[in-house]
Amino acid sequence: MVFWKRTLPVAITFMLGITFMLQYYVPHPASEALLREVSVWNQIIAGFAVILGVASLLQSHAQKIKRKAPGWGYSVVMYASMCSMLGFGIWSEGKGEGTAFGWLYTYTLVPLQATMFSLLAFFVASAAYRAFRARSPQATVLLLAAVLVMWGRVPLGEYLLPGIGQVSDWIMNIPNTAAQRGILIGISLGAIATSIKIICGIERAHLGGGQE
Amino acid sequence: MHDLARRLLGLDRRWIFLVIAFGTVLPLLYPLGLPIRVSPEVRKIYDYIERLPPGGVLVLSFDFEPAGKPELFPMAVALLHHAFQNNLKIVGVTLWPAGTGLAESILSQVAQEHGKVRGIDYTFLGYAPGEANAVISMGQDLSAAFPADHYGTKITDLPILQGIRSLRDVHYVISLSVGFPGIDTWYVYGKEKYGFELGGGCTAVSAPRFYPLLNTGQINGLIGGLRGAAEYEVLLAREGKAIAGMDAQSTTHFLIIVLLALCNFFSVFTRQTGRTRYR
Amino acid sequence: MHGSSWGLGTSEGHPEERGSSFIIFFLLFLPLCFLCLPVVAREAPLEFNLEAFDMPGDGGGSIGLRWQFPPLAQLDHPSSYVYRIFMSAQQDGEWRQLAEFPTNTYYESEVSSPWWVWGAKSPARHFFQIKSNSDLQLANGKLYFFKVVLTDGQHTVASVVASAVPQANLFNWAKLNNLVFMLAFSATVLLWIRRARRNPHIFLRRIPGLDAVEEAVGRATEMGRPILYLTGSGELGGSGDPSNLSTIAATIILGEVAKRTASYGAALQIPHRAAIVMAICQEIVKEAYLAAGRPDTYKEDMNFFITADQFAYTAAVDGIMLRERPAANFFMGYYYAESLLLAETGATTGAIQIAGTDAEHQLPFFIAACDYTLIGEELYAASAYLSREPTLVGPLRSQDIGKGFLLVAMVLGSLLMTIGELLGTPVLRTALEIFSDFK
Amino acid sequence: MNTETLIGAWVATGLSLFVYSFLYKDNPYFKLGEHIFVGVSLGYILTITYHEVIVKKLYVPLVEQGQWWLIIPALLGLLLLTRFLPPIAWLSRIAFAFILGVSSGVAIPRQLSSFILQQVQGTIKPFVTAGDGGSVWVSPATLNTLLLLVGVVSVLVYFFFSVEHSGAVRQVARLGIYFLMVSFGAAFGYTVMARMSLLIDRFDELILYASPAYGYATLVLLGAVVAGLIWWERGQLRP
């Protein structure tokens, strides 16, 4: 059983990992056809992965309803709105224009999600007033750069202080680019190292799930 | 003074919420119409589209969901107007499932205004799952990635895609991205191998991250946030939602700057002594 | 040198076949190559020396043509001349015109291909690539014939006929540097993981933020107030979750904090959003109290579950901060929008705040609202430093080596480039192509 | 204006105001809005995935075009779902092994090319510009090149963990932290910009819906939500 549960998955990852790592260097049509086919396969599997992600959320809400945990009524609302969206969606074959499915999307999902995120505007403002203090030289530099960029990126700022727009452009293009490039190189080395660990079976967090 | 400062800092934050709400609503009701300067990174995308031959194919990837709509919707509208004016062909696609509806409606609305025909002048391929895999399969073979477009027409039957077998054959790709997958996905798994020209539009939150790619020419231009969209509208001389929002953007930015200044002013009086700072 | 083969006008020595041996060759004799650059046609008048070859490193269906500038000055009106490219499937039949362009375009020097594939690019040569497209199909393995014609409409001068066979190649030599770097870095990672297994005490510098833990716990003990520790919004549920790494790091750092609270006797509170993370944290805290010799003071309810819901969780934690006024707040792991609300409330209660996250959008806010922030990789480094886990320490070390290498390459490269510019020679710029990306 | 749009405007306004009621405090209206949001977005994502992936990319090619080999990814996809059946949950590992093997392999050389080689190549530039006739000069552009190099190098040094930060290394790392802070400051400014844009868009729409054409939807519903909150607060006060 250890073979099926541990050895086989590690072997599959290793073989595919090496194959597709080397595929990159091989321009031969056969190798390109392999990449084409597998990328289509992965798209299909990704579709199932979406279901997997959704299902675990549904499970936790189902348990809440079953146990009649506090606020279980909201979970019922969640299920009801999901089912109506799904029902209309299947009925209209996923087409949005002129269907009930499209209406639900435009007048519930779009305003709700956009409004949820716009709450952050208020939170940023109150945090700016109550928490963002220049508590060290570094934080001071951060806040000064923030003020320059906020000032320079709006018409009123450029109207009040001509030339500040170019200053904020320069901040974005030189010091910001330098720092982001350093971060990017560091992160990419980390990501490559992680991929190597996964291919070699050293990193196996993804193989959790199910008892040993 | 110490007590007063402390009390002021401890102000109920709902007052601040109210200030921000008014700072947003007033300029929307009574706009000032201040001039907007166009930055080079936005102009580069505009110029590139200007230089594309009529009939050239532009792939517009709507890599966002409703949360990105406020910033990316005006951008998409401006880009579509520009492309349709120049008689480019538009192929729409999205890497985000929740972006499907928005992409579908923006495309058909703007196309209608220009009297363009679906299937000949534009089409929407729909949602491509699998992030990196989506871009790779489009780069390898468009008809394998999308057997049919969003409306169910077989890819091979679409007049717009005659002669377009993969991303290698398109003239320009612009990803309007709200996060990952987005511009980086289109570069790393797309342009890197298939060699098309790539431009980017993104929410302001992710814009700073793309400057290294802009600097190396990995993306040939960047439209960042509502401000970027407003600059594009200025270039097109077509006032839209982005230009209309710029005055409110000005007031809210200055409100935040004032709040930050007040916070730091008051905290001078309340700063506890004896706390070590690290770094 | 191979300069002699250029005049042959056949497909023999195309770059792909020469590739492997020439790499070593060029590495050793690079300076010599450049001495051979000025091979301008001095022989017969209007000799093109046309050469056709399979384009290296592609899937086939493509042929490259290159030829030397003919001495245009011999012609009456040089500027009125254009080049025309012809192709045929037979040596002497049915020529098809593929392209027409002015004589001052399509130079070989414009080709973007590294020296280890292309050799020296002569400024005195033209280059034109023929590719399969919807009108034109070049079949792999089939012989095709080409000629170049110089014409002003009345007078025409034709080159000799050159031929080549398009082929699907097995290796893209332009990517050689990529492959070498990839193999070298992979080997470094695996080697250092092995070394770390044998000796887990490889030197890692102490992360200054960890010193703050000591002070924060001490202060909490003095004031008789609790310490609040959050592990973020990561789930540890499945695969591919970007928050996994930082959540694991957060649980490891929790172990360190718990050891301190155990030995000082300070209270510790860890509110949770994810059940799996909570179960792991319970184990970690229990072990830490055991290790500190104070299992008696460990309480099961140090870890407690609030709700998975983002804003309800945030509101509840804010409530705890306002009621219990913890002496120190730790925000480790992955965070979304809740970071603002948490850090703000914590700052108003006057607690020492220590944050650590790789959530880039939240970092600026944490830095502005907290006393100490572990930035991105520092969080992983802190967890490697504390846990001494070989699979964390090894890659960290190898990444440092990678960074060091790139850093030296960038500094030396820029200096060499500057020297090249001062001396007016392209040699150094060409040599530095090993750090460039080619398609 | 047709009835659908009018009803839509009222629904959208009501839900937006439910969400904004969180600014007062966490309350049942917000929770209601939040759960409707989670529900509709899950429903939407499932629908799109079903039509665009399961039907268009799997069912049609498999059944109608006879691409029988697509049965393999379909089976792998089903294996993924065994996670919910504890006795055979381990089968999902095979599917994860497949996805991760391919995506890790595909990612390594591409990231090396895109984010390391391209970025290093973009940093290696001369500090001087050569002009005609052997003249060489330093311009603001070349100074920026130098600054960029200094920034990248010092940030990389800051993120060195196997070298003690003392002496010269310490100085360079300190410089690196300041580059990082400027960049985070820029990110801070841009994030504020983004959040404010979201708010502007929402308020723009709410103002539109407050017009007589939409039956003063925003004003009426604002009144209703405030009244509802007062009623709820009173209920909370009662024991």
Side-chain angles (χ1 to χ4, degrees), chain C residues 175 177-179 181-182 185-186 202-205 207-208 238-240 309-312 315-316 360-361 363-365 367-368 375-378 380-381 384-385 396-397 399-404 406-407 409-422 424 429 432-433 435-438, chain D residues 22 25-26 30-31 34-35 38 83 92-93 96 99-100 103 108-110 112-114 116-121 123-130 134 136 142 145-146 149-150 152-153 156-166 177 180-181 183-192 194-195:
Chain C
K175 292 282 182 195
N177 58 344
N178 187 310
L179 179 67
F181 287 136
M182 194 265 290
F185 186 61
S186 304
I202 292 174
F203 176 78
L204 287 181
R205 75 176 164 89
I207 311 294
S239 65
D309 182 275
Q310 180 187 15
F311 284 104
E360 50 181 318
H361 300 159
L363 265 174
F365 298 133
I367 294 170
I375 300 165
E377 283 180 88
E378 274 187 303
Y380 311 148
Y385 177 87
L396 199 68
R397 187 66 194 256
Q399 283 167 48
D400 269 9
I401 294 171
K403 280 175 207 160
L406 295 174
L407 192 151
M410 282 189 277
V411 173
L412 282 183
S414 297
L415 286 176
L416 285 177
M417 203 75 126
T418 309
I419 293 171
E421 203 76 358
L422 290 171
R429 187 183 283 269
L432 285 168
E433 282 177 357
F435 293 109
S436 299
D437 180 51
F438 292 97
Chain D
F22 182 76
K25 62 163 74 157
D26 198 5
F30 173 73
K31 285 209 176 79
E34 200 185 11
H35 283 81
V38 175
R83 277 243 159 149
S92 67
R93 294 174 184 196
F96 276 120
I99 303 179
L100 272 144
S103 53
I108 293 174
R110 285 173 174 82
L112 190 57
S113 151
S114 310
I116 295 182
L117 286 178
Q118 282 273 356
Q119 293 300 320
V120 169
Q121 179 187 351
T123 314
I124 300 185
K125 283 194 182 136
F127 308 135
V128 291
T129 320
V136 169
T142 52
T145 308
L146 183 61
L149 176 75
V150 170
V152 176
V153 166
L156 282 177
V157 168
Y158 179 78
F159 287 118
F160 260 179
F161 298 108
S162 51
V163 176
E164 190 65 75
H165 278 191
S166 57
I177 191 85
L180 282 173
M181 287 303 138
S183 174
F184 288 144
F188 184 111
Y190 264 64
T191 307
V192 169
R195 302 308 182 217

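None of these values were measured; they are calculated from a predicted model. Residue numbers start from 1 in every chain, and the chains themselves are labelled A, B, ... in the order their sequence lines are given, proteins ahead of strands.
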Which atoms of [X] come close to chain D, meaning under 4.5 Å heavy atom to heavy atom: side chain ones, backbone ones, both, or neither?
X: C:Ala312; result: both
X: C:Leu204; result: both
X: C:Ile207; result: side chain

Pairs of heavy atoms under 4.5 Å with chain D: top-ranked of [options]:
options: C:Arg429, C:Glu377, C:Gln310; result: C:Glu377
options: C:Leu179, C:Thr418, C:Asn177, C:Leu416; result: C:Thr418
options: C:Arg397, C:Glu378, C:Met182; result: C:Glu378

Legend entry - Chi angles and distances behind the side-chain hydrogen bond (donor to acceptor under 3.5 Å, both in side chains) call for D:Ser113, C:Asn178: CA-CA 7 Å; D:Ser113 151; C:Asn178 187 310; 4.7 Å; no
Legend entry - Region of D:Ile108 in contact with chain C, defined by heavy-atom distances below 4.5 Å: side chain
Inset, instruction - Answer yes or no: is there a side-chain heavy-atom contact under 4.5 Å between D:Glu164 and C:Phe203? - result: yes
Under a 4.5 Å cutoff for heavy-atom pairs, which residue among [options] has the most contacts with chain C?
options: D:Thr191, D:Val163, D:Leu146; answer: D:Val163
options: D:Lys31, D:Gln121, D:Gln118; answer: D:Gln121
options: D:Leu112, D:Thr142, D:Ile116, D:Thr123; answer: D:Leu112
options: D:Ser183, D:Pro109, D:Ala187; answer: D:Pro109

Inset, instruction - First locate atom CG of C:Leu422, then atom CZ of D:Phe127, and finally report the distance between them rounded to the nearest 0.5 Å. - result: 11.0 Å
Inset, instruction - Mind checking the CG-CG spacing from D:Leu180 to C:Leu363? Nearest 0.5 Å is all I need. - result: 9.5 Å
Legend entry - Lys/Arg-Asp/Glu bridge criterion (N-O < 4.0 Å) met for D:Lys125, C:Glu421: no
Legend entry - Closest approach of D:Pro126 to D:Thr145 (non-hydrogen atoms, all atoms of both residues): O-CG2, 3.9 Å
Inset, instruction - Assign the ring pair D:Phe30 / D:Phe22 to parallel, tilted or perpendicular, where the plane angle (0 to 90°) is split at 30° and 60°. - result: tilted
Inset, instruction - Ignoring hydrogens and angles, tell me if any N or O in the side chain of C:Asp400 forms a donor-acceptor pair with the backbone of D:Phe160 under 3.5 Å. - result: no
